[in-house]
Amino acid sequence: MSKNIVVLGSTGSVGRKVLEVVREFPEEFRIIGLACGSNIRLLRKQIEEFRPYLVAVSDREKGEELLKEVDECGVKTGEDALIELATLEKADIVVFSMAGIKGLIPLIEAIKQRKQIVLANKELLVVGGEIVICWAKEKGVRILPIDSEQSAIFQCLEMRRQREIRRVFLTASGGPLNRVSKKEMPFASPEQVLSHPKWEMGEKISVDSATLMNKGFEIIESKYLFDIPFHKIQVLIHPEVVVHSMVEFSDGAVIAQLGVPDMRLPIQYALAYPHSLPFNRFLDISHLSSLTFTLPDRDRFPALGLVEEAERKGGTALTALNAADEEAIEAFLKGRIRFTDICRVVEQVITAHHPLDARKIEFVFQADKWAREEARRRLNSMAEEAGEQRKV
Ligand code: MG
């Protein structure tokens with residue numbers, strides 16, 4: 001019997017890849033619901049191809065526009081529509097691949113309805129991990145990751161007992177600025193940052209990969225997904241992107257998962273779990289001349305230290321970090337601030353933040369709102385400063 005799938009964030013880069021996998025295995029999967037932010041042109045095409053019963057568009061105006069054009073399925077708009085989709089009675093799997101934290105309440109509601117969760121959006125765990133994992137435990141819901149590193153750890157753990165874990169090695173390509181010197185770092189342009197050498201991704205995650213903030217988020221993601229203490233997770237720079245992550249066990253064995261860097265692999269693994277499906281790309285092992293692993297340069301990439309600092313502070317500090325990071329990235333992509341200002345703003349916001357209890361959703365949203373306002377205020381003065389320097 002095929003699995004019924006809902007994709008929240010179907011027009012984004014991961015969402016499109018999820019649909020590619022579904023297209024490849026029509027016997028296995030069926031799309032019953034799709035949601036996007038505002039790209040109704042692409043959503044229209046996806047409706048024609050996949051014939052869902054219900055779609056949702058976050059942007060109300062765009063949603064109403066689509067409603068006039070479409071009569072083959074239900075169209076809803078606004079935030080409540082996401083909850084309706086995430087809890088559709090017929091849904092077996094709900095994929096969370098939309099940017100930002102508007103998926104947090106739908107994620108919690110889907111877990112309460114015991115849906116199988118497939119998670120691409122790691123920010124939901126960074127911001128709401130305490131609440132999400134608490135509900136997942138209570139309802140006995142397993143969250144399957146489609147981040148390549150988390151999928152690798154998940155696969156490594158399939159063979160051994162969780163309590164035997166000594167360390168987790170989370171690999172990072174190093175991103176587009178891996179070879180850029182500290183002096184040149186402030187002048188890295190949005191174009192340079194958006195051209196990732198190994199992975200094709202959305203804009204926000206591309207910038208997070210360049211600062212290594214993405215890797216910091218992945219530490220938090222691993223912590224929650226696999227219940228591994230923060231200090232046992234070690235980031236390694238591995239520019240070849242062949243080993244997607246490794247787990248070291250108490251008897252000294254290290255188990256790694258290797259494969260081509262292709263998002264369809266972790267997506268397919270999560271959707272088909274506990275079964276597996278064939279793939280059409282393979283590693284040419286005999287031509288791998290070398291695999292290198294080095295510790296990240298924390299001086300050039302302060303983001304990892306900032307995540308540690310927020311983790312140490314506890315409560316909603318990670319929520320504040322994520323909100324400040326998102327605002328700073330937007331300002332950077334608009335050319336208002338320099339690349340290194342992203343971490344500067346994040347640091348200032350975390351330092352100024354008084355953490356609230358992250359087990360209460362209202363506090364999470366309150367911290368998010370506070371941090372965005374705080375970040376914007378600081379970004380405005382940084383942008384002014386930069387403008388004045390340009391004039392001189
Ligand atoms: Mg990743």
Side-chain angles (χ1 to χ4, degrees), residues 9 12-18 20-21 95-100 103 117-127 129 143-157 168-178 193-226 228 230 233-247 256-271 273 281 283 291 293-294 296 301 303-304 306-307 318 321-322 325-326 329:
S13 96
V14 177
R16 293 197 306 263
K17 292 235 156 60
V18 169
E20 272 180 48
V21 172
V95 179
F96 287 84
S97 54
M98 53 196 337
I117 306 296
V118 168
L119 188 71
N121 178 347
K122 57 191 79 127
E123 285 85 344
L124 296 181
L125 287 181
V126 171
V127 167
I143 300 175
L144 298 174
I146 51 180
D147 200 354
S148 61
E149 294 80 357
Q150 311 305 335
S151 179
I153 297 168
F154 185 73
Q155 293 177 53
C156 295
L157 291 177
V168 167
F169 296 110
L170 202 57
T171 56
S173 70
L177 305 183
N178 195 24
V193 166
L194 294 179
S195 61
H196 196 279
K198 295 283 181 183
W199 296 101
E200 220 190 285
M201 304 177 293
E203 285 194 345
K204 186 207 176 238
I205 185 170
S206 296
V207 182
D208 278 334
S209 297
T211 56
L212 290 196
M213 189 64 88
N214 180 54
K215 218 36 70 174
F217 286 170
E218 286 178 4
I219 301 178
I220 305 294
E221 197 185 12
S222 306
K223 175 189 124 167
Y224 284 121
L225 285 174
F226 310 112
I228 300 167
F230 188 88
I233 307 167
Q234 165 87 67
V235 172
L236 289 178
I237 303 294
H238 170 53
E240 297 85 2
V241 194
V242 170
V243 174
H244 296 308
S245 278
M246 305 181 268
V247 182
Q257 188 259 352
L258 285 70
V260 286
D262 188 321
M263 273 310 287
R264 288 175 303 166
L265 247 166
I267 291 171
Q268 192 172 306
Y269 192 86
L271 294 183
Y273 188 82
R281 288 181 65 198
L283 266 188
L291 296 178
F293 302 94
T294 52
F301 298 101
L304 290 173
L306 295 176
V307 171
L318 280 164
L321 175 143
N322 175 69
D325 179 57
E326 215 178 288
I329 288 176

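All ligand and atom numbering here is 1-based and tracks the order in the structure. The analysis underlying the following values was restricted to heavy atoms, covering all of them including side chains, and did not include hydrogens, waters or symmetry mates.
- For the pair V14/V95, no side-chain contact is recorded, criterion being any heavy-atom separation below 4.5 Å from C-beta on.
- Protein N/O/S atoms nearer than 2.8 Å to the Mg ion (ligand 1) total 3.
- Taking 4.0 Å as the cut-off between side-chain N and carboxylate O, D262 and K17 do not count as a salt-bridged pair.
- A search for side-chain contact (heavy atoms from CB on, under 4.5 Å) contacts involving S13 returns R16, not counting sequence neighbours.
- In this structure, F154 has its ring center under 6.0 Å from that of Y273.
- Applying the side-chain contact (heavy atoms from CB on, under 4.5 Å) test to N214 and every residue at least two apart in sequence or in another chain returns K122, I205, D208, S209, E218.
- Residues satisfying the ring-ring contact (aromatic ring centres under 6.0 Å, His included) test with F217, not counting sequence neighbours, are none.
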